[in-house]
Protein chains: 2
Amino acid sequence: MNTIDVALICKALSDSNRLQILQLLTEGELCACELLEHFKITQPTLSHHMRVLSECELIQNRKDGTKMFYSVNCETLTAFRNLIGELVCKK
Amino acid sequence: MNTIDVALICKALSDSNRLQILQLLTEGELCACELLEHFKITQPTLSHHMRVLSECELIQNRKDGTKMFYSVNCETLTAFRNLIGELVCKK
DNA sequence: CCTATACATAGATATATGTCAATATATAGG
DNA sequence: CCTATATATTGACATATATCTATGTATAGG
């Protein structure tokens with residue numbers, strides 16, 4: 001993961017709705033309909049946010065019947081967390 | 001620091017130039033003219049980026065003669081790093 | 001089949017953003 | 001004072017983004 005990848009993930013997390021979605025998903029898998037209940041946005045807007053989070057590979061999805069279940073992509077999140085963790089103030 | 005603050009910092013770091021600026025500044029204080037040498041952008045564009053980084057309090061500045069020296073705001077960076085560090089995949 | 005549910009896509013709109021050229025401001029040196 | 005250097009500000013422009021309404025698609029149940 002390089003600087004551009006990290007910037008892309010930061011962009012995905014630069015919206016507070018998406019940041020909260022990721023926080024919710026770290027607790028476990030949720031379907032779009034469950035996520036939607038937590039926000040004051042419409043279903044298409046949530047769908048847009050899920051796409052943004054998917055495109056930078058922060059989350060993955062699984063279809064079950066009519067429901068789409070989303071979960072954290074642990075590999076990407078861990079790599080991102082580690083790179084941000086290296087931003088240490090050397091004073 | 002709440003979710004909105006974290007999202008604001010992520011937005012500041014969603015540009016790869018700004019992310020690299022922060023990385024450079026973690027190594028120590030630099031003036032704008034020194035920072036400018038690292039990028040293929042004009043001076044006004046750099047000035048704009050420094051303002052964005054300043055507005056979310058990721059960096060601070062100090063004037064010395066005609067030069068403006070920038071450095072990391074350790075308190076903000078540490079708080080941000082810790083909050084991102086809490087985004088752990090619970091599988 | 002028909003309908004309801006869950007989700008995605010398309011299109012529109014207002015706003016934000018990254019960039020530059022041009023200009024303004026401030027300071028140091030002679 | 002005048003000039004050079006360093007930086008900030010302004011204004012313009014093209015692009016991206018967050019959001020909505022309307023519509024399409026797929027699946028489950030009767």
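To find a chain, count down the sequence lines: A is the first, B the second, and so on, and within it residues start at 1.
- Remark: side-chain polar atoms of N61(B) are not paired, donor with acceptor, to backbone N or O of M68(B) under 3.5 angstrom.
- The distance between atom NE2 of H48(B) and atom C1' of dA24(C), rounded to the nearest whole Å, is 19 Å.
- A disulfide bridge connects C89(A) to C74(B): their SG atoms sit within less than 2.5 Å of one another.
- Under the 4.5 Å side-chain heavy-atom criterion for grouping Ile, Leu, Val, Met, Phe, Trp and Tyr, L8(A) is not connected to F80(B) through any hydrophobic cluster.
- The shortest distance between the side-chain N/O atoms of N61(B) and the OP1/OP2 oxygens of dT7(D) is not below 4.0 Å.
- Taking the side chain of T42(A) as heavy atoms from C-beta on, and the options dA26(D), dT21(D), dA8(D), the nearest nucleotide is dT21(D).
- One interatomic measurement links the two molecules: CD of E55(A) to C1' of dT17(D), which rounds to 13 Å at whole-angstrom precision.
- A salt bridge is absent between E86(A) and R81(B); no separation between the charged side-chain nitrogens and carboxylate oxygens falls under 4.0 Å.
- Rounded to whole Å, the distance from CE on M50(A) to P on dT9(C) is 13 Å.
- For the helix from dC1(C)-dG30(D) to dG30(C)-dC1(D), the axis fitted to the five pairs at one end and the axis fitted to the five pairs at the other end meet at an angle of 20° (nearest 10 degrees).
- Rounded to a whole Å, the CG atom of L35(B) is 14 Å from the P atom of dA6(D).
- Following rounding to the nearest Å, F69(B) (CZ) and dA6(D) (C1') show an atom-to-atom distance of 11 Å.
- Remark: R62(A) CZ is packed, more than 12 non-hydrogen atoms of other residues, nucleotides or ligands lying under 6.0 Å away.
- Protein atom CD of E37(B) is 14 Å distant from nucleotide atom P of dT5(D), rounded to whole Å.
- No more than 12 heavy atoms of other residues, nucleotides or ligands sit less than 6.0 Å from atom CD of E75(A).
- For the pair Q43(B) CD and dA22(C) P, the computed distance is 14 Å after rounding to whole Å.
- Candidate nucleotides dT19(C), dA26(C), dA8(D) were compared by shortest atom distance to the side chain of Y70(B), and dA8(D) ranks first.
- When distances are taken from the side chain of C33(A) to each of dT19(D), dC7(C), dT9(C), the shortest belongs to dC7(C).
- Of the candidates dT19(D), dT9(C), dC7(C), dT19(D) carries the atom nearest the H49(A) side chain, counting heavy atoms from C-beta on.
- Nearest to the side-chain atoms of I41(B) among the listed nucleotides dT9(C), dT27(D), dT19(C) stands dT19(C).
- Across the protein-nucleic acid pair, M68(B) atom CE and dA24(C) atom P stand 20 Å apart, rounded to whole Å.
- You'll find that the side chain of T45(B) is closest to dT19(C), out of dT19(C), dT17(D), dT19(D).
- The neighbour count for Q20(A) CD, taken as heavy atoms of other residues, nucleotides or ligands under 6.0 Å away, is above 12.
- Nearest to the side chain of C31(B), among dT19(D), dT7(D), dT21(D), sits dT7(D).
- Remark: K11(A) is in phosphate contact with dT17(D), judged by side-chain N or O atoms under 4.0 Å from OP1 or OP2.
- Take the nearest nucleotide of DNA chain D for P44(A) and for N17(A): the residue whose nucleotide is more 5' is N17(A).
- The phosphate of dC7(C) (OP1 or OP2) has no side-chain N or O of R51(A) nearer than 4.0 angstrom.
- Distance alone, capped at 3.5 Å, places no donor-acceptor pair between the H48(B) side chain and the P44(B) backbone.
- The side chain of T66(B) approaches dA6(D) more closely than any other nucleotide in the set dT21(D), dT17(C), dA6(D).
- Counting only heavy atoms from C-beta on, R18(B) has its side chain closest to dG18(C) among dG18(C), dT27(D), dA6(D).
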